[in-house]
A.B. asks: 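Quick one: the structure is below, questions incoming.
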Amino acid sequence: MLASVAAHAAPRGRVLLDTGWRFHRGEAPGPDPQLDYDVRPEPGDHSDGQDADTRPTEARRVDAGDRRVLKPWILPSGNALIADPARRHVRPDGDPGGDHPFVQAGFDDRGWQAVTLPHDWAIAGPFIEDGPHGGMGRLPSWGVGWYRRTLEVDAADLGRRHYLDVDGAMAYAAVWLNGRLVGGWPYGYNGWRLDLSPYLVEGRNQLAIRLDNPPDSARWYPGGGLYRNVWLTRTAPVHVGHWGTVVTTPEVSAERAVVALEVAVDNTGDTAADIEVRTALHALGDDGRPEATAAARIDPTRLRIAPGASATARGRVAVARPRLWGPPPTQAPHRYVAITTLHRDGETIDRVETAFGIRDLRFAPDGLHVNGERIVVRGLNNHHDLGALGAAFNRRAAQRQLEILRDMGANAIRMAHNPPDPQLLELTDRMGLLVVDEIFDSWARKKTPLDFHLVFPDWHEPDLRAMLRRDRNHPSIVMWGVGNEVGEQYTGEDGAAIARRLRAIVAEQDPTRPAAASMNWAKPDAPFAAVFDVIHLNYQGEGIRQSPEFDGTDRIRTPPQYPAFRAAFPDRPIFSSETASALSSRGVYLFPVSPAASGPVREGRGGDAARRQVSAYELHAADFGSSADHVFAQLDRHPYVAGEFVWTGFDYLGEPTPYYDARSSYSGIVDLAGFPKDRYWLYRSRWRPELPTVHVLPHWTWPGREGQVTPVHVFTSGDEAELFVDGVSQGRKRKGAFEYRLRWDDVVYRPGELRVQAYKAGRPWAETRVRTAGAAAALDAVPDRGRIAADGRDLAFVAVQVRDAAGEPVPEAADRIRFRVEGAAELVATDNGDPTDMTPFPSAERRAFSGKALAIVRALPGQHGAIVVHADADGLQPARVVVRAEAL
Ligand code: GAL
């Protein structure tokens with residue numbers, strides 16, 4: 001398919017290259033094309049199922065020898081992000097791969113699969129049920145894939161610059177245009193730009209992108225392919241540079257703020273340019289549109305830029321009575337946009353918009369202060385995958401995740417452990433969520449045989465600067481994460497030297513925010529720990545493997561570290577960048593129930609290896625983690641701690657600790673399908689104390705358990721509760737110091753009803769009940785929204801619950817549900833949140849798990865009207881919901 005990139009009157013054009021792609025998995029048949037970025041070490045007998053806190057090991061280096069590799073041609077793509085000119089790379093002569101059939105304009109790719117971006121080549125499966133690969137999600141993400149597409153360029157446009165802007169490609173991208181190797185980018189999570197201009201011709205241009213995703217490259221599911229947006233950006237020869245604007249707010253008060261702006265302008269032309277840079281600041285409305293009247297204007301700056309050079313315009317302006325950006329519920333996330341135009345000889349030659357927020361950010365020994373208010377971080381870690389949709393970014397799917405977490409009371413997200421799609425940061429800006437934007441899970445030492453350590457020496461600077469420059473204007477970002485549990489914690493001064501280098505890059509690129517690296521091992525006296533101004537602890541604040549059963553272990557075993565870090569660094573804020581790693585399967589309750597508030601998962605103690613499920617009594621965790629209750633107690637005992645980021649908000653693909661044979665994690669507060677586990681109400685009770693929450697577990701449908709002890713636990717934002725079994729009081733209980741749940745551990749099961757009345761300060765506060773269900777009789781379907789945009793991207797999430805004849809949820813229903821969609825939409829994926837379900841995600845049939853299943857439906861572009869989603873199951877009354885596709 002041809003894409004016409006028409007000339008525009010607008011000075012800058014940005015065309016989304018989402019359609020018109022052809023995709024092929026694997027290399028062309030025939031001899032080895034020698035198109036690899038570099039030779040790689042043999043992974044050896046590594047298993048991707050090792051414990052998350054296994055000590056990283058030294059890199060193994062291999063030499064390319066006589067083999068041709070593309071690395072010397074790819075390295076220069078990072079040059080713009082290398083500060084020291086002496087370290088930049090010179091492109092060698094020659095054009096490797098130019099003779100490969102897949103890069104030729106004449107190659108017939110009609111037999112290749114037509115795909116629309118974003119595209120994750122592995123998410124459709126099938127799952128690899130046996131053998132290794134559990135750590136990476138049992139989906140076939142590794143290997144080579146090719147994408148081809150044409151670009152049409154008019155003669156009138158040939159004098160302009162043409163850039164390929166890729167928001168993320170997994171991984172080791174190499175790009176050819178018209179048979180010439182343009183460049184590429186190894187790291188799959190960053191955005192990057194290539195200049196296509198030298199290779200363009202008038203008319204049809206052939207673009208070919210080769211990706212090569214290594215096996216054993218991650219501790220989770222990375223996805224594969226062009227999984228984020230790809231753009232063609234056209235500019236005049238003189239234009240605002242890539243990620244070329246920097247907005248800061250050096251002075252902020254309710255009456256007045258000073259907004260400072262830097263604009264880097266590149267002159268790629270062959271004559272000197274005299275230009276004027278103008279910027280107007282506009283408040284952004286709730287709809288994201290700039291208000292008509294400017295809030296302030298920065299005085300124009302004149303620049304004279306030599307050919308081939310760049311220059312920076314600097315200006316500042318006061319904004320009276322600024323609308324500040326801050327986290328709800330006590331503040332509101334107001335945003336502004338700086339609209340910058342370049343003018344040359346009376347013509348407007350460029351225009352860029354930079355969204356930003358006016359806010360004052362300070363770090364004190366007690367943590368984060370936003371606009372003068374101390375904000376205790378109630379945060380979650382999240383991976384980049386979107387469950388059944390995989391790594392392919394979808395704005396609505398990400399927004400739904402954030403909404404579910406925000407409604408629980410979260411105010412922060414740590415991007416574990418990579419920069420997200422840029423649209424996710426636009427969402428956190430709009431919603432007022434605080435963000436730790438993070439870049440690396442490994443530095444020079446390796447966690448898996450083919451992870452980022454392979455390219456760290458060459459790419460740490462371009463990659464770190466790419467994240468910083470791309471993301472620095474987002475008001476939601478409050479800290480930069482430069483490493484997670486990296487091996488350099490263990491290597492004394494050598495490791496600290498690398499840490500200092502990364503910290504220095506952050507300070508150069510963004511002096512307004514601190515850098516941190518999350519430590520699960522380094523203690524206060526380690527050279528590594530002293531490097532960062534903000535302390536990020538993973539698990540060790542609360543203590544790791546403290547119960548006697550870990551006596552003699554060779555794994556990390558650490559008493560609670562908050563006091564030691566406090567004593568060593570009294571001026572530095574301490575955050576728990578990972579807490580809990582509590583594990584559970586939604587709706588699965590296992591007996592007996594541990595009397596302890598926290599413990600590791602073991603067979604018969606929270607775990608059932610045959611079913612590969614973990615009990616939702618929410619008392620068990622990864623060996624190095626602990627239950628939410630234990631974490632809360634430690635935070636409350638050390639109130640100077642600035643807050644926590646729970647591992648994790650949502651379940652994610654891969655890392656299915658403790659059952660390596662499963663497909664997805666157990667650590668989410670919310671399951672992979674987006675259904676809350678019981679823990680959701682434990683966090684909501686703590687994080688939204690003003691909401692009358694009361695939640696009781698387990699469910700009360702236990703045929704065969706009659707007469708057996710079946711403990712009842714209650715999560716509430718109240719301080720007391722009374723449990724009634726079939727109307728008979730089991731006593732009123734009050735939370736003691738450092739207790740976060742109420743538990744009646746001696747209740748004997750018989751069919752009937754549990755009712756809980758919660759109290760706060762002695763007054764009735766909230767009530768809930770759960771009844772024994774009868775046989776499954778009907779399906780009940782509820783969409784997350786009644787209207788969605790008919791834009792080919794927006795989604796409806798339809799949740800199905802199995803109910804009995806009286807309408808009670810049937811808690812262990814596992815009926816096979818068939819989904820069907822009529823009208824202006826298509827079924828994209830189904831799920832149920834069961835970490836062991838190996839049915840491919842695109843399947844229209846899905847077994848219910850703990851009574852629930854989910855269908856994800858996408859609107860077709862431009863087709864308005866009713867979308868009817870049908871859910872059927874043998875012997876049950878079917879469900880039907882209608883969602884409208886509209887021009888929203
Ligand atoms: C941590 C690690 C995370 C994840 C987690 C699993 O040690 O930083 O990336 O692996 O454990 O519980």
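Counting convention: from 1, in listed order, for ligands and their atoms alike. Because the structure is predicted, anything quoted here is derived from the model rather than measured. As a basis for the values below, the full set of heavy atoms in this structure was taken, side chains included, without hydrogen atoms, waters or symmetry mates.
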A.B. asks: Quick one: does Thr657 get a heavy atom under 4.0 Å from ligand 1?
C.D. replies: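 Outside the 4.0 Å threshold, so no.
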
A.B. asks: Among Asp678, Asp671, Asp831, Asp834, find the residue that satisfies the salt bridge (charged side-chain N to carboxylate O under 4.0 Å, His left out) test when tested with Arg586.
C.D. replies: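 Considering Asp678, Asp671, Asp831, Asp834, a salt bridge (charged side-chain N to carboxylate O under 4.0 Å, His left out) with Arg586 is found only for Asp671.
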
A.B. asks: Given His383, Glu578, Arg219, which has its nearest heavy atom closest to atom 8 (O) of ligand 1?
C.D. replies: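 That would be Glu578.
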
A.B. asks: With distance as the sole criterion, is a donor-acceptor pair present between the side chains of Asn520 and Gln489 under 3.5 Å?
C.D. replies: yes

A.B. asks: Would you please indicate if the ring centroids of Phe452 and Phe440 are separated by under 6.0 Å?
C.D. replies: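 Yes, ring centres under 6.0 Å apart.
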
A.B. asks: I'd like to check whether Asp53 has a polar contact with ligand 1, where a contact means an N/O of the residue lying under 3.5 Å from an N/O of the ligand.
C.D. replies: no

A.B. asks: Would you say Asn520 touches ligand 1, if touching means a heavy atom closer than 4.0 Å?
C.D. replies: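 For ligand 1, residue contact (heavy atoms, under 4.0 Å) with Asn520 is absent.
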
A.B. asks: Answer yes if the ring centres of Trp647 and Tyr666 are under 6.0 angstrom apart, and no otherwise.
C.D. replies: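 No, the ring centres sit 6.0 Å or more apart.
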
A.B. asks: Should one rank His417, Glu485, Lys447 by closest heavy-atom distance to atom 9 (O) of ligand 1, which comes out on top?
C.D. replies: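 Minimum heavy-atom distance to atom 9 (O) of ligand 1 goes to His417.
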
A.B. asks: Below a 4.0 angstrom heavy-atom separation, can you tell me which part of Trp220, side chain or backbone, both or neither, approaches ligand 1?
C.D. replies: neither

A.B. asks: Report yes if the distance between the aromatic ring centroids of Phe841 and Phe127 is under 6.0 Å, otherwise no.
C.D. replies: yes

A.B. asks: Closer than 4.0 angstrom, basic N to acidic O: yes or no for Lys447 and Asp48?
C.D. replies: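 Asp48 and Lys447: not salt-bridged.
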
A.B. asks: Is there a heavy atom of Phe624 sitting under 4.0 angstrom from any atom of ligand 1?
C.D. replies: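 Right, Phe624 reaches ligand 1.
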
A.B. asks: Any chance you could lay out the side chain to side chain donor-acceptor pair (under 3.5 Å) test for Ser665 and Asp651, step after step, and finish with the verdict?
C.D. replies: CA-CA 5 Å; Ser665 82; Asp651 273 332; 2.9 Å; yes

A.B. asks: Counting non-hydrogen protein atoms only, what is the nearest one to atom 12 (O) of ligand 1? Give residue, atom name and distance.
C.D. replies: Ser581 OG, 2.5 Å

A.B. asks: Tell me which part of Asp441 gets within contact of ligand 1: side chain, backbone, both or neither, using heavy atoms under 4.0 Å.
C.D. replies: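 Within the 4.0 Å criterion, Asp441 makes no contact with ligand 1.
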
